[in-house]
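So the structure is just underneath, and the comments pick up after that.
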Number of protein chains: 2
Amino acid sequence: MKHYNKLSEHYKKIANFEHLASVAGWDQAVMMPAGGNESRAKAMAELSVHIHQLSTSEHLGELFADAQSENISAIESASLREMKASWQKATVLPARLVEAQSLAGSKCGHAWRTQRGENDWQGFSKNFAEVVLLSQEEASIRADAANKTPYDAMLDLYEPGTTSEQLDSIFGNLKTWLPDLTQKVQLRQSGQQFIKPTENYSTKQQNALGLDIMKLLEFDFNHGRLDISAHPFCGGTSQDVRITTRYDETDFIQSMMGIVHETGHARYEQGLPKSLKGLPVGEARSMGIHESQSLFFEMQLGRSKEFIDQLVPLVLKHFPDNNPAVFEADNLQKIYTRVNPGLIRVDADEVTYPAHIMLRYEIERDLMNGNINYTDIPELWDLKMQQYLGISTAGNYKNGCMQDIHWTDGAFGYFPSYTLGAMYAAQFMTAMKKQVDVNTCLSEQNLKPIFNWLNKNIWSKASLLTTDQLVKQATGETLNPALYGKHLQQRYLS
Amino acid sequence: MKHYNKLSEHYKKIANFEHLASVAGWDQAVMMPAGGNESRAKAMAELSVHIHQLSTSEHLGELFADAQSENISAIESASLREMKASWQKATVLPARLVEAQSLAGSKCGHAWRTQRGENDWQGFSKNFAEVVLLSQEEASIRADAANKTPYDAMLDLYEPGTTSEQLDSIFGNLKTWLPDLTQKVQLRQSGQQFIKPTENYSTKQQNALGLDIMKLLEFDFNHGRLDISAHPFCGGTSQDVRITTRYDETDFIQSMMGIVHETGHARYEQGLPKSLKGLPVGEARSMGIHESQSLFFEMQLGRSKEFIDQLVPLVLKHFPDNNPAVFEADNLQKIYTRVNPGLIRVDADEVTYPAHIMLRYEIERDLMNGNINYTDIPELWDLKMQQYLGISTAGNYKNGCMQDIHWTDGAFGYFPSYTLGAMYAAQFMTAMKKQVDVNTCLSEQNLKPIFNWLNKNIWSKASLLTTDQLVKQATGETLNPALYGKHLQQRYLS
Ligand SMILES: [Zn+2]
Ligand SMILES: [Zn+2]
């Protein structure tokens with residue numbers, strides 16, 4: 001057997017255990033009663049140690065060295081690159097640290113579910129201190145190995161190839177025009193009239209509507225499900241993609257577009273090539289590219305007039321007894337494009353969302369680089385919220401620095417993916433429109449050409465190309481943040 | 001560290017992986033979309049190989065030898081006995097066979113879900129042939145190692161200590177009086193009038209009723225859930241017990257008592273001592289003892305007049321718009337004690353149930369011992385159904401030999417547990433009544449003394465004692481099948 005094939009077999013074995021980690025993690029968030037957490041956390045920690053052992057097996061180094069000189073195809077060569085990157089990222093961490101992180105993350109995330117509601121920063125920070133300490137250790141180990149700053153070494157886990165130098169430039173640029181644009185949009189929208197939903201929209205009806213929207217977006221129900229969780233996410237495996245939402249019975253607006261968002265993630269997973277299943281090269285390119293797909297669905301398509309026109313008959317069908325004036329296309333579009341600075345990232349509109357990310361980016365960068373302490377977070381949060389969005393969060397941990405689950409699990413370096421994703425999404429739409437008449441597709445309810453473009457340029461490519469190569473092949477250039485500004489300008493000020 | 005402690009650590013590690021197998025298995029049966037099965041089956045097979053590797057680690061033999069001479073407590077000694085038994089059972093099987101069985105079982109079980117509905121014995125038997133072959137190989141390997149017959153070696157997996165000699169005697173005895181008793185009961189019930197449920201009982205209402213009954217039976221919802229699956233079962237882990245049922249909207253009778261049954265299994269799991277968690281000695285004693293708890297709940301308690309009296313107000317509460325005459329205690333009791341030979345084991349009444357087991361026992365015994373071929377099963381099924389219950393299943397695979405999931409997974413040797421369980425349940429009730437006024441407990445809705453007796457005598461004992469020791473400590477004697485006959489006589493003919 002070729003050394004390359006031996007490596008493939010090994011990574012397919014790892015994928016089997018990652019499959020189990022996905023199932024157990026989904027179940028923990030969606031199904032598990034609270035009392036099951038202790039034994040679940042232990043089992044998941046044991047599994048993460050095992051995966052780490054497999055990912056760092058002694059014989060891998062030799063196999064990689066030998067495979068390098070083999071006569072392999074272009075696809076195998078890309079596959080080898082991704083296996084090696086995965087190996088290098090795993091092999092620098094000691095097993096002890098991996099296990100400690102899994103346990104600390106489970107503990108912190110689990111307690112957070114109740115502590116957040118109780119605004120209990122004191123209680124939370126007892127667990128969080130440990131998570132931060134372990135992540136700083138991880139960042140420092142990775143930094144030494146990759147000759148990067150600690151934060152850049154973490155960032156590389158989610159956005160291979162992206163640096164904080166780039167992000168400083170991107171967010172530095174955003175700062176120069178976003179606050180001004182936000183104010184202009186608010187001024188323009190200040191006289192706008194629209195009808196807010198104020199009636200009851202039952203969970204059952206919202207769920208049925210969500211399933212219909214997923215059908216419209218060609219979600220494959222033979223390979224996935226929709227469920228409920230406190231924090232919506234897209235999990236599972238590419239053969240069985242599990243998206244979740246949460247329902248507010250007084251307002252269908254959030255969950256409806258939330259489902260569009262998660263369906264974007266899901267279609268990327270469902271579109272990954274079967275022939276590369278189980279190999280690192282067969283996985284999604286990066287978190288930013290993943291988010292570009294969900295935001296393409298939610299923002300580029302979802303909040304366009306033409307898409308909302310398609311939603312109206314579905315909404316009317318599922319809420320036959322509610323006030324239909326709320327469901328008029330123009331009214332829905334006003335709601336979905338309303339710009340209103342607020343406390344909560346996941347509730348933020350398209351225009352103010354990057355401010356939430358900028359804030360988190362600056363804090364996690366400084367935290368990982370050791371320039372601030374985790375105890376500084378609440379105050380910094382308050383200061384930056386005031387600076388970027390004009391809102392104070394003093395004493396409001398619940399809707400301030402305790403609102404997100406990411407950091408409870410040690411996922412420092414993840415947040416920039418959201419804004420990178422929004423930018424990639426705008427760039428993909430700009431490129432797509434040169435080849436596909438997107439608005440006509442939508443108004444004729446023929447979404448196939450849109451999905452075909454995404455499938456051809458993004459989904460089917462998995463991790464065969466680097467992010468820069470992928471984006472350049474699809475759009476003719478690497479990341480161009482100006483297209484995002486142009487999109488906002490066009491949608492909100494033209 | 002003592003060798004005993006090293007062994008404990010090792011078995012706790014195995015328990016962590018078994019936890020993951022439970023979660024993945026539950027999800028497969030309850031949540032997973034069909035398209036997810038291929039990758040799930042692979043992941044579960046990989047996991048079963050890993051568990052098998054851990055269960056057969058080379059260093060275990062030495063550790064067992066060394067631990068034997070250590071100064072250990074009585075509990076540790078029992079724990080050592082169970083670890084060793086588990087090791088011996090695992091170590092005789094080659095990894096190749098374990099993996100092949102997991103794959104073949106997943107494949108056969110998954111296809112069975114649709115093939116059964118289509119009465120497709122031909123399609124089914126293509127997969128089943130492989131399962132039987134592998135199980136016969138397993139039985140033969142185990143038989144050689146334990147110096148038993150192949151079937152007895154399989155039986156020992158589910159009922160340690162029980163032999164087919166005992167079962168031949170038990171079922172031989174049953175045959176002498178059960179058909180006669182069945183006929184007498186049928187004669188006696190032939191003029192009985194009762195009102196069958198014929199209205200609609202929504203899934204939602206049945207589910208709410210089920211949850212209320214679980215509360216009455218003191219199911220711990222912080223450590224468990226109720227869900228829906230095609231084939232009801234009790235799964236999960238003792239910290240997170242997952243019971244399932246299925247709802248027929250035209251008839252609440254089945255699912256209501258099905259939930260009582262599974263709650264019996266669940267309370268056993270939830271009652272296992274926390275101090276022994278993760279160790280083989282901390283697990284349920286045997287499948288027969290497990291079934292004794294579910295059948296204690298379902299048959300001994302559940303179909304008694306006094307328990308049904310407690311159900312009536314709950315049923316009335318949840319079905320306020322249905323015909324209340326159906327819900328009268330006397331009517332419900334007539335339904336729940338109606339004896340009526342039928343095709344389906346899981347739908348069978350208390351009196352004819354053992355006939356279904358007898359039939360399966362004889363077939364699986366002869367199949368494992370190589371005295372028949374799997375292709376003989378449909379004909380044998382038909383013959384024995386006619387002989388024991390006077391019903392033909394010729395050509396009816398769906399409601400004949402394809403009705404159960406057990407054999408699809410290679411679980412040959414499991415079926416006798418159902419009848420052993422029924423017998424143990426009768427014996428436990430007989431013993432309990434000497435100490436606890438069960439009927440008064442029920443009529444005063446004070447079930448604690450009943451649960452306390454079970455907890456003290458069964459649940460808290462886990463696998464600290466052998467089955468014979470456990471039953472003798474609890475009831476003063478080892479298995480006494482006559483008490484079961486006495487119970488049937490009393491309930492149905494006195
Ligand atoms: Zn997303
Ligand atoms: Zn049972």
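Letters A, B, ... mirror the listed sequences (proteins, then strands); counts begin at 1.
Interface residue A:Phe17: only side-chain heavy atoms are found under 4.5 Å from chain B.
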Kindly provide each donor-acceptor pair between chain B and chain A shorter than 3.5 Å, listing atom names and distance.
| unit_1 | atom_1 | unit_2 | atom_2 | d |
| --- | --- | --- | --- | --- |
| B:Asn16 | ND2 | A:Glu46 | OE1 | 2.7 |
| B:His19 | NE2 | A:Arg40 | NE | 2.8 |
| B:Asp27 | OD1 | A:Arg242 | NH2 | 2.7 |
| B:Asp27 | OD2 | A:Arg242 | NH1 | 3.0 |
| B:Met31 | O | A:Arg225 | NH1 | 2.9 |
| B:Gly35 | N | A:Asn222 | O | 2.8 |
| B:Gly35 | N | A:Asn222 | OD1 | 3.1 |
| B:Gly35 | O | A:His223 | NE2 | 3.3 |
| B:Arg40 | NE | A:His19 | NE2 | 2.8 |
| B:Glu46 | OE1 | A:Asn16 | ND2 | 2.7 |
| B:Asn222 | O | A:Gly35 | N | 2.8 |
| B:Asn222 | OD1 | A:Gly35 | N | 3.1 |
| B:His223 | NE2 | A:Gly35 | O | 3.3 |
| B:Arg225 | NH1 | A:Met31 | O | 2.9 |
| B:Arg242 | NH1 | A:Asp27 | OD2 | 3.0 |
| B:Arg242 | NH2 | A:Asp27 | OD1 | 2.7 |

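Evaluation of the salt bridge (charged side-chain N to carboxylate O under 4.0 Å, His left out) test over residues 229-239 of chain A, restricted to residues two or more places apart or in two chains, returns none.
Shown here for A:Gly224 and B:Pro33, the closest heavy-atom pair between the two residues is N-CG, 3.4 Å.
The candidate with the highest count of non-hydrogen atom pairs below 4.5 Å against chain B, out of A:Ala43, A:Gly278, A:Ala45, A:Ala21, is A:Ala43. Of the residues considered (B:Leu47, B:Val241, B:Val23), B:Val23 shows the highest number of contacts with chain A, using heavy-atom pairs under 4.5 Å.
By the ring pair (Phe, Tyr, Trp, His ring centres under 6.0 Å) test, A:Phe297 is found to be paired with A:Phe451, residues two or more places apart in sequence or in another chain being considered.
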